Amino acid sequence: MFRSFLVMSDAYLALEDGRVVEARGRVPGRTRGELVFTTAYTGYEESLTDPSYEEQVLTFSYPLIGNYGVRAERFESDRVHPRAAVAREFTDEVVEWLAEEDVPAVDHLDTRDLVTSIREEGAMKVGIAVGEDATPEDAKEELSKCKGMSDHVDIGAQVTTPELTTFEGDGDTTVALVDCGAKQSIADSLVDRGATVHVLPYDATAEDVSELEPDVLFISNGPGDPKNYTATRELVEEFAGDIPLAGICLGQQIVASALGGTTEKMAFGHRGVNQPVRDLQTGKVVMTTQNHGYTVADPGEHLDVTQVNVNDDTAEGLASEELSVITRQYHPEAHPGPHDSLGFFDDVLAMTESEGNGRKRRVIAD
Ligand SMILES: NC(=O)CC[C@H](N)C(=O)O
């Protein structure tokens with residue numbers, strides 16, 4: 001157990017490795033989740049509203065969070081998704097926002113130690129108790145109720161759009177974006193390029209998609225284990241070879257598993273805005289935004305790995321020319337992070353123009 005420098009502590013984090021960490025409580029409450037960290041030094045508004053953090057507790061390794069305020073125009077969804085937020089120091093403005101959202105927050109703890117533990121031991125469960133009457137036992141009780149990420153079997157239902165929503169672009173291309181917890185910047189990046197984007201619930205049926213006559217089927221980012229997105233995987237199986245497919249993050253994982261690949265959980269994942277990715281064809285390395293804890297272990301026979309992470313060689317981009325598929329494990333839409341890979345959206349829309357790409361082809365055997 002290590003101590004915050006405050007004499008009075010009213011926040012406790014009970015870690016899966018048995019330790020209880022004291023902190024300063026900023027927003028009271030009791031909660032639990034998977035403890036992860038991001039190394040992003042900007043973009044706290046975008047990260048905190050990224051639906052992929054659902055059921056997780058987000059630790060910022062950057063020590064001061066909130067130094068340029070809180071503006072709703074930077075939000076990626078309509079609420080804060082992590083179950084709690086942890087930093088060395090939160091500004092009052094961020095704390096006010098988290099309080100309005102009823103999301104427990106703690107600071108004045110040694111986040112360097114926390115991040116080192118996650119790196120060495122992997123992402124772990126945490127129970128948190130914050131408030132004047134909070135005790136270490138309360139935090140431990142929360143920990144005892146904490147489920148593993150893969151055990152949140154219907155996590156998509158917690159983050160998806162309740163109904164079909166359309167964002168109009170000024171061009172002719174139509175994209176069906178299956179919302180497994182989509183960041184708003186994905187639809188925005190497509191609309192910016194002229195596409196009309198229909199955002200569908202994660203459990204949309206093949207009929208729902210067909211009715212829209214989309215030129216591209218796009219699977220979004222989202223929280224939890226890709227194995228739990230059965231309905232979304234079936235959609236990909238249904239349309240592969242008929243219309244071009246794209247996916248980001250969870251979307252890449254779902255597309256790969258639908259086409260015969262496999263996914264696995266990583267030790268602590270990739271979360272930050274400076275993850276280096278190498279394109280295997282051009283040799284070029286770009287800095288990317290990432291937020292994932294699972295990865296594609298085997299892309300299967302239909303997909304090729306086109307990009308890899310420079311640090312650990314994991315699959316960052318997959319493609320099939322035959323089936324017109326391109327996916328990214330990272331976040332080309334940025335928000336937060338570098339804009340170097342925004343060209344992905346041009347590549348996705350270009351698939352609709354490529355020769356021989358019709359709705360009639362079926363390459364995968366039924
Ligand atoms: N940002 C995402 O889409 C995350 C995907 C998945 N939930 C993972 O953790 O790997």
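Quantities reported herein were computed from a predicted structural model and do not represent experimental measurements. The first residue in the sequence is number 1, and the count goes up from there. Whatever order the structure lists ligands and atoms in, that order sets their numbers, starting from 1.
- Not a single N or O atom of Q329, backbone or side chain, sits closer than 3.5 Å to an N or O atom of ligand 1.
- The side chain to side chain donor-acceptor pair (under 3.5 Å) with R328 is formed by just one residue from the set Q290, E316, Q307; it is Q307.
- Looking only at side-chain heavy atoms (C-beta outward), N228 and D154 stay at 4.5 Å or farther from each other.
- Nearest protein heavy-atom neighbour of atom 2 (C) of ligand 1: C249 SG, 2.9 Å.
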- Are V236 and I219 close enough, and set up right, to give a side chain to side chain contact (heavy atoms under 4.5 Å, CB included), and what steps lead you there? CA-CA 9 Å; V236 175; I219 314 299; 3.9 Å; yes
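- Residue-to-ligand polar distances place H331 within reach of ligand 1: an N/O pair is separated by less than 3.5 Å.
- Note: F218 and F344 have perpendicular aromatic rings, judged against thresholds of 30 and 60 degrees for the angle between ring planes.
- Among the atoms of S52, some N or O lies under 3.5 angstrom from an N or O of ligand 1.
- Below 3.5 Å of separation, one finds no N or O of N221 facing any N or O of ligand 1.
- Contacts of M149 with ligand 1, taken as heavy-atom pairs under 4.0 Å, are absent altogether.
- Looking at G269, G293, G181 and measuring to atom 9 (O) of ligand 1, the nearest heavy atom belongs to G293.
- Heavy atoms of M266 stay at 4.0 angstrom or farther from ligand 1.
- Ligand-side atoms of ligand 1 in range of P223: 7 (N), range being under 4.0 angstrom from any heavy atom.
- For atom 6 (C) of ligand 1, the closest non-hydrogen atom of the protein is G224 O, 3.3 Å.
- Ring geometry for Y229 versus Y202: interplanar angle over 60°, hence perpendicular rather than tilted (30 to 60°).
- Contact check for V36 versus T59: no side-chain heavy atoms found under the 4.5 Å cut-off.
- Side-chain atoms of K183 come within 3.5 Å of backbone N or O of A334 as a donor-acceptor pair.
- Of the protein's non-hydrogen atoms, the one nearest atom 5 (C) of ligand 1 is G222 O, 3.2 Å.
- If you check which protein heavy atom lies closest to atom 10 (O) of ligand 1, you get Y294 N, 2.8 Å.
- Polar contact with ligand 1: absent for R271 (N/O pair, distance under 3.5 Å).
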- Query: Can you list the steps and then say if T173 with T196 is a side chain to side chain contact (heavy atoms under 4.5 Å, CB included)?
  - Reply: CA-CA 6 Å; T173 311; T196 290; over 6 Å; no
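- With sequence neighbours excluded, no residue forms a side chain to side chain donor-acceptor pair (under 3.5 Å) with Y62.
- Near L250, the atoms of ligand 1 lying under 4.0 angstrom from a non-hydrogen atom of the residue are 2 (C), 3 (O), 5 (C).
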